[in-house]
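Data block below; observations after.
The structure presented is a predicted model; accordingly, all values stated were derived computationally and were not measured.
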Amino acid sequence: MPQHPVLTPDDTTGSTDTTGNTATTDSTGGPDAADTTVAADATGGAAPRHPLDNPARAALLGPHAHLAERHGDVLRYPADVSPFVALPDRPDRQTWRSVAALYGPGGVVAASGSPDTVPADWEILMQGPGVQLVDEGVRAVPDEEAVRLGPADVPEMLALVEHARPGPFLPRTIELGGYLGIRRGGALVAMAGERLRPPGWTEISAVCTAESHRGQGLGSRLVRAVAAGIRERGDTPFLHTSADNTTAIRLYESLGFRLRRHVTFLGLRVPGGEHGA
C-alpha cells in the first residue's frame, strides 16, 4: 500500500506534500504569472491559469509526461514513484471512476482540494490544511558538504524518510529529480530533493534530518543547495508544508520563500477491496 501523505516536518524545514489539484485560488498571482500558463491538455478541458494552481497535472502533462499513467481525464505517477493523482480542475463522477480504475479497489490516493468534491462512498483517511510557498529572493548557494544521491543510495534514503517522515518517498521517487544529501561518518543524516516539475518551476521536497543531527541547520543548507540547482537550469523553486507547521513556515520565509496560496491535503481510499465499499 502506498505511504499516506505525512505532515511531519524535520527540525528545520518540515516539507510536506500535495498533488496540486485544489479548489483554492492564488492569493498573489505568483511571480511570472503572465508567461507561465499551461497549454490545454488532450481532454479538451480548460488549462489552469498558472502551473502552480495544479502542479501535479502541469508536471505530468509537461516535464514528467514520460512518467504519466492515464485513464480518462486523470493522470497519476507510477505506484512506486509517487501516490499523487492529478485531477482536472473540475472533477466529476467520471473523473472519480477513472481514479478508481488507476488505483484499484482499496487503493490509497494522495490528493488535494475540497473534500466536498470526493464521492460519499470514498473514505477520507486524512485531511489537513497546507500552504504553497514560492521563491522570492532565496539565497540559493551550493553546499560543499552536500553530495548528489543516486539509485545506490535509495535504501539509506528510504530508511531516513521512515525515521524522519517528511512525506511520501518511494523506491523510484528519486526519478522525479535531483537529490542531495549530507553524510557524517559515512551515514546519510540529511537530504532534500526535487519532486513536482510544472513547466518553469520545481518543487523542493523530502527535506529531512536524522534526529541525532537536528538543530545544526542541515535542512536549511540543503534547501539552498537544491534551490541553486533549480535556478541554474532556469526554473523557480517552490514547496509545500502544513499550515499548522508555523516553525517551518517562519524558517522558509526567512530563507526567502513567500506564501502563494493555501491548499487542503487529502488522503483518500478507493471503495472496495479488503476495506469494503
Side-chain angles (χ1 to χ4, degrees), residues 1-8 16-24 41-45 48 53-128 130 154 158 161-162 165-177 195-198 203 205-206 240 263-277:
M1 180 183 300
Q3 182 181 352
H4 295 194
V6 179
L7 303 181
T8 303
T16 58
D17 304 281
T18 178
T19 67
N21 183 69
T22 76
T24 57
D41 63 46
T43 67
D53 291 346
N54 196 337
R57 192 169 185 84
L60 285 168
L61 289 170
H64 284 165
H66 64 288
L67 292 169
E69 298 178 357
R70 186 167 199 156
H71 190 285
D73 61 357
V74 177
L75 299 96
R76 68 161 295 175
Y77 286 96
D80 55 355
V81 173
S82 169
F84 298 157
V85 68
L87 305 176
D89 292 336
R90 295 176 178 82
D92 56 23
R93 284 182 294 179
Q94 184 55 49
T95 298
W96 292 104
R97 293 190 191 103
S98 293
V99 177
L102 280 172
Y103 286 81
V108 174
V109 182
S112 64
S114 171
D116 295 337
T117 67
V118 180
D121 58 339
W122 287 55
E123 182 182 359
I124 298 179
L125 301 170
M126 184 278 296
Q127 177 180 335
V154 167
L158 290 169
V161 166
E162 180 64 25
R165 303 192 66 79
F169 186 90
L170 302 169
R172 292 176 56 207
T173 299
I174 196 170
E175 296 179 23
L176 295 178
R195 189 172 57 187
L196 300 181
R197 284 195 61 189
E203 182 189 25
S205 183
H240 296 92
V263 300
T264 300
F265 302 131
L266 299 172
L268 310 173
R269 191 187 306 280
V270 179
E274 64 182 30
H275 300 279

* To do: Examine R76 relative to F84 and say whether NZ or CZ is less than 6.0 Å from the centre of the six-membered ring and inside a 45° cone about the ring axis.
  => no
* To do: Return the minimal non-hydrogen interatomic distance between V161 and G167, and the atom names on each side.
  => CG1-O, 3.7 Å
* Closest heavy-atom pair and its distance - F265, G130 -> CE1-CA, 3.4 Å
* To do: Could you go through the side chain to side chain contact (heavy atoms under 4.5 Å, CB included) check for L176 and H64 one step at a time?
  => CA-CA 8 Å; L176 295 178; H64 284 165; 3.7 Å; yes
* Asked: With a 4.5 Å heavy-atom cut-off, do L268 and I124 have their side chains touching?
  -> yes
* To do: For the pair R70 (side chain) and G72 (backbone), establish whether a donor and an acceptor sit closer than 3.5 Å, ignoring hydrogens and angles.
  => yes
* Could you walk me through whether L75 and E69 pass the side chain to side chain contact (heavy atoms under 4.5 Å, CB included) test, one step at a time? => CA-CA 6 Å; L75 299 96; E69 298 178 357; over 6 Å; no
* Structure fact -> Between P63 and A58 the two heavy atoms that sit nearest each other are CD-O, 4.3 Å
* Asked: Hey, does T117 have a side-chain heavy atom less than 4.5 Å from the side chain of T95?
  -> no
* Asked: With side chains defined as the heavy atoms from C-beta onward, is the minimum distance between L67 and E175 less than 4.5 Å?
  -> yes
* **Nearest-0.5 Å distance, CG of residue L158 to CZ of residue F169** => 6.0 Å
* **Any donor-acceptor N/O pair, Y77 side chain to L60 backbone, under 3.5 Å** => no
* **Exercise: identify the closest heavy-atom pair between L170 and P83** => CD1-CD, 4.0 Å
* Asked: CG of D92 to CZ of R90: how many Å apart, nearest 0.5 Å?
  -> 11.5 Å
* To do: Report the C-alpha distance between V85 and Y103 in whole Å, list the side-chain angles of each, state the deciding distance to 0.1 Å, and finish with yes or no for side chain to side chain contact (heavy atoms under 4.5 Å, CB included).
  => CA-CA 9 Å; V85 68; Y103 286 81; 3.4 Å; yes
* **For the student: nearest non-hydrogen atoms of W96 and W122, plus distance** => O-CZ2, 3.5 Å
* Asked: If you measure from CG on L196 to NE2 on H240, what distance do you get to the nearest 0.5 Å?
  -> 7.0 Å
* State which residues pass side chain to side chain contact (heavy atoms under 4.5 Å, CB included) with P105; sequence neighbours excluded, sorted by chain then number. => none
* To do: May I ask you to decide if H71's main-chain N or O and S98's side chain share a donor-acceptor pair within less than 3.5 Å?
  => yes
* Indicate yes or no: at least one non-hydrogen side-chain atom of L266 is less than 4.5 angstrom from one of M126. => no
* Check: A86 main-chain N/O paired with R57 side-chain donor or acceptor under 3.5 Å -> yes
* Exercise: identify the closest heavy-atom pair between P88 and D73 -> CG-OD2, 3.3 Å
* To do: Check whether any side-chain heavy atom of E203 sits under 4.5 Å from a side-chain heavy atom of P55, and report yes or no.
  => no
